Amino acid sequence: MATTQTHHSVYITHKDHDLDSLQVLPDAYQWVQPDLFPSLQQHSTPLSDTLPLIDLSLPDAPDLIGKALTTWGSFQIINHGVPLSLIHAAQSSAIDLFALPPPHKLKAARTPGTFPGYGIARINSFFPKRMWSESFTIMGSPLEHFRHLWPHDYSKRCDIMAEYDRELKSLCGRLMWIALSELGITREDINWAGPNEDFKTCNAATQLNFYPACPDPDRAMGLGAHTDTSLLTVLHQNNTRGLQILREGKEWVTVEPVAGALVVQVGDMLQIVSNGLYKSPFHQAVVNRTKKRLSVAYLFVPPENVEMSPHKKLLSPTQPPLYRPISWTDFIRIKSDHFDGLSCIRVDVKDESQVKVG
């Protein structure tokens, strides 16, 4: 997958990522929640609902997944087939990576305008304050970056991430067919699933996220509210709470960690294909006063230059297309400039000349 350019590069220094040493929350990290979303303090409100937990091995799993995608845009799965030993190995490599001294981690820093490597979340540029986190993105092989991080111990770690990519891509292919089938879309209806109809021609990025313990978690944010540009995002989180999903635009619901479970979320691309029947949920990550949190997110995206559009089976005179056709590559460019990229490609946008593509 090509490393799509964006001018929203964030330059980092040793000081930016020595968060573990801070005993007082600096002003630069005192979060200001956008008016579009419920306040940060509401994350402690008693929960009125919980994210569906689905056993993928049971016969009713497809039906439950379809319902979860139309109501939540997300769910958790167990018995998903990804070896727990592999999940733990990937998590262990992430823990080792973020435990490296800040100057050492910067040897694998992202180059300006690219995705892969160590740095700060790309969405940082849309918010006035910094996020209490650090991240490392893998697109393709992490070989060159891992050589800098572990000159004598990179090969095994590369193998782990390559196997993780294979397993998660297979799982995403399976979940895609379940999601599409629940909308009445068959294998004959999709021409971009690849020659074996397994979505192996799709691309992916693995995002390692680390949230250090924070001296004032009620006034900080690990990762600001956003949607993902993917078809699907599959996330593993350790046993520390932090991931929150916006429920019906009114309430942040904390996704409770479940041992061995994976969190699945609709991305913007699948919202387009489903013509809005599956919604890409806004989500954020809050931080903890005493516990460190780590997550591994797998973002499954379409082939770069294939145009995604509302599927014709879902359209009718009373259900017109909500979005114009667009490739993932062009959508990334739009979303680099617009916080809500989907609103920019809605068919009812009055002046599409304001939307820059390419």
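When a residue number appears, it is its place in the shown sequence, counting from 1. Note that the coordinates shown come from a computational prediction; the quantities given were computed from them, not determined experimentally.
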Note to self: Any carboxylate oxygen within less than 4.0 angstrom of a Lys/Arg side-chain nitrogen, looking at Asp216 and Arg219?
What the structure shows: yes
Note to self: Looking at Ile272, is its backbone amide N or carbonyl O close enough to the side chain of His311 to form a donor-acceptor pair, meaning the two atoms are under 3.5 Å apart?
What the structure shows: no
Checklist line | Criterion side-chain contact (heavy atoms from CB on, under 4.5 Å) on Asn238 and Gln91, from CA distance to verdict | finding: CA-CA 8 Å; Asn238 67 356; Gln91 178 177 290; 3.9 Å; yes
Next item on the list: Evaluate the criterion side chain to side chain donor-acceptor pair (under 3.5 Å) for residue pair Thr254 and Gln244; output intermediate values, then yes/no.
Entry: CA-CA 4 Å; Thr254 299; Gln244 297 183 331; 3.3 Å; yes
Notebook entry, point to check: Counting only heavy atoms not in Lys156, do more than 12 sit closer than 6.0 Å to its NZ atom?
Noted result: no
Next item on the list: Verify the distance criterion only: is there a donor paired with an acceptor across the side chains of Ser295 and Asn209 at less than 3.5 Å?
Entry: yes
Margin query: Looking only at the side chains, is there a donor atom on one of Glu188 and Thr186 sitting less than 3.5 Å from an acceptor on the other?
Written below: yes
Notebook entry, point to check: Side chain of Lys312, backbone of Asp189: donor and acceptor closer than 3.5 Å?
Noted result: no
Next item on the list: Check whether any side-chain heavy atom of Trp328 lies under 4.5 Å from a side-chain heavy atom of Asn203, and answer yes or no.
Entry: no
Next item on the list: Using the ring of Tyr323 (Phe, Tyr or Trp, six-membered ring only), decide whether Arg346 places NZ or CZ under 6.0 Å from its centre and within 45 degrees of its axis.
Entry: yes
Next item on the list: Could you tell me which non-hydrogen atom of Pro34 sits nearest to which non-hydrogen atom of Phe127, and how far apart they are?
Entry: CG-CE2, 3.7 Å
Notebook entry, point to check: Within the distance-only criterion (no hydrogens, no angle test), does the side chain of His283 pair as donor or acceptor with the backbone N or O of Thr227 below 3.5 angstrom?
Noted result: no
Note to self: Regarding Ser135 and Gln207, do their side chains bring together a donor and an acceptor under 3.5 Å, going by distance alone?
What the structure shows: yes
Check: Any sub-3.5 Å donor-acceptor pair from Arg110's side-chain atoms to Phe115's backbone N or O?
Finding: yes
Notebook entry, point to check: Are the side chains of Ile87 and Glu167 in touch, meaning some heavy atoms are under 4.5 Å apart?
Noted result: no
Note to self: Any side-chain to backbone donor/acceptor pair from Thr70 onto Lys67? Under 3.5 Å, distance only.
What the structure shows: yes
Notebook entry, point to check: To the nearest 0.5 Å, how far apart are CD1 in Ile78 and CG in Leu84?
Noted result: 11.0 Å
Notebook entry, point to check: CZ of Phe300 to OG of Ser230: how many Å apart, nearest 0.5 Å?
Noted result: 10.0 Å
Item checked: Sub-4.5 Å side-chain heavy-atom contact between Leu299 and Val234 -> no
Checklist line | Option among Leu175, Leu171, Leu235 that satisfies the side chain to side chain contact (heavy atoms under 4.5 Å, CB included) test with Leu262 | finding: Leu171
Check: Charged N to carboxylate O under 4.0 angstrom, Lys335 versus Asp268?
Finding: yes
Note to self: Are the side chains of Leu106 and Tyr118 in contact, using a 4.5 Å heavy-atom criterion?
What the structure shows: yes
Notebook entry, point to check: Can you check side-chain contact (heavy atoms from CB on, under 4.5 Å) on Leu19 and Tyr29, steps first, answer last?
Noted result: CA-CA 10 Å; Leu19 301 182; Tyr29 291 91; 3.5 Å; yes
Item checked: Check: Thr329/Ser327 side-chain N/O donor and acceptor closer than 3.5 Å -> no
Margin query: Regarding Glu163 and Arg166, does a basic nitrogen lie under 4.0 Å from an acidic carboxylate oxygen?
Written below: no
Item checked: hydrophobic_cluster_shared for Leu143 and Met161, side chain cutoff 4.5 Å -> yes
Item checked: Exercise: identify the closest heavy-atom pair between Trp132 and Pro215 -> CZ2-CD, 3.6 Å
Notebook entry, point to check: Do Leu314 and Leu277 come close enough that some side-chain heavy atom pair is under 4.5 Å?
Noted result: yes
Next item on the list: Could you tell me if the ring centre of Tyr154 sits under 6.0 Å from that of Trp150?
Entry: no
Note to self: Would you say that Leu25 contacts Cys214 through its side chain, given a criterion of any heavy-atom pair below 4.5 Å between the two side chains?
What the structure shows: yes
Next item on the list: Find out whether Ser181 and Pro62 are in side-chain contact, i.e. whether some heavy atom of one side chain is under 4.5 Å from a heavy atom of the other.
Entry: no
Check: Is the count of non-hydrogen atoms from other residues, nucleotides or ligands lying under 6.0 Å from Lys292 atom NZ greater than 12?
Finding: no
Margin query: Between Arg157 and Asp153, is the salt bridge (Lys or Arg N to Asp or Glu O under 4.0 Å) condition met? List the steps.
Written below: CA-CA 7 Å; Arg157 298 176 191 275; Asp153 186 26; 3.2 Å; yes
Item checked: Heavy-atom pair of closest approach, residues Gly260 and His80 -> O-NE2, 2.7 Å
Notebook entry, point to check: Just how far is it from atom CZ of Arg289 to atom CG of Asp218, taken to the nearest 0.5 Å?
Noted result: 6.5 Å
Checklist line | Backbone N/O of Asp165 and side chain of Tyr298: donor-acceptor pair under 3.5 Å | finding: yes
Margin query: Evaluate Gln265 against Asp228 for side-chain contact (heavy atoms from CB on, under 4.5 Å), listing each step before the verdict.
Written below: CA-CA 9 Å; Gln265 293 179 347; Asp228 293 338; 3.7 Å; yes
Checklist line | Backbone of Pro38 reached by a side-chain donor or acceptor of Gln33 within 3.5 Å | finding: yes
Next item on the list: Drop me the distance from Ile77's CD1 to Ile54's CD1, to the nearest 0.5 angstrom.
Entry: 8.5 Å
Next item on the list: Over all heavy atoms of both residues, which pair between Lys129 and Gln30 is shortest? Give the atoms and the distance, please.
Entry: CG-O, 3.1 Å
Check: Any cation-pi pair here, Arg247 with Trp252, using under 6.0 Å and within 45°?
Finding: no
Checklist line | Met131 reachable from Val32 in the ILVMFWY side-chain graph, under 4.5 Å edges | finding: no
Next item on the list: Working to the nearest 0.5 Å, report the span between CG of Leu64 and CG of Asp60.
Entry: 4.5 Å
Item checked: Hydrophobic cluster membership, Phe75 vs Leu58, 4.5 Å side-chain cutoff -> no
Notebook entry, point to check: How far apart are the closest heavy atoms of Gln76 and Leu51, and which atoms are they?
Noted result: CG-CD2, 3.8 Å
Margin query: Ring centroids only, cut at 6.0 angstrom: are Phe136 and His145 within range, meaning strictly under it?
Written below: yes
Note to self: Treating Asn79 as the side-chain partner and Ser57 as the backbone partner, does any N or O pair qualify as donor plus acceptor under 3.5 Å?
What the structure shows: no
Check: Can you check whether Val296 reaches Tyr164 side chain to side chain, under 4.5 Å on heavy atoms?
Finding: yes
Item checked: side-chain contact (heavy atoms from CB on, under 4.5 Å) between Leu232 and Met176, worked out -> CA-CA 8 Å; Leu232 292 173; Met176 279 294 298; 3.9 Å; yes
Next item on the list: Treating Ile, Leu, Val, Met, Phe, Trp and Tyr as nodes and any side-chain heavy-atom pair under 4.5 angstrom as an edge, say whether Ile190 and Val301 lie in one connected cluster.
Entry: yes
Next item on the list: Hey, can you tell me if Phe37 and Phe339 have their rings parallel, tilted or perpendicular (30° and 60° cut-offs)?
Entry: perpendicular
Item checked: Ser74 side-chain N/O to Val264 backbone N/O, donor-acceptor pair under 3.5 Å -> yes
Item checked: Salt-bridge contact Asp198-Arg174 (side-chain N to carboxylate O under 4.0 Å) -> no
Checklist line | Exam field: side chain Arg293 to backbone Ala213, donor-acceptor pair closer than 3.5 Å | finding: no
Check: How far apart are the closest heavy atoms of Cys158 and Phe146, and which atoms are they?
Finding: SG-CD2, 3.7 Å
Checklist line | Cluster link Val263 to Leu53, ILVMFWY, side chain under 4.5 Å | finding: no
Notebook entry, point to check: Can you tell me how far CG of Leu208 sits from CD of Glu134, rounded to the nearest 0.5 angstrom?
Noted result: 11.0 Å
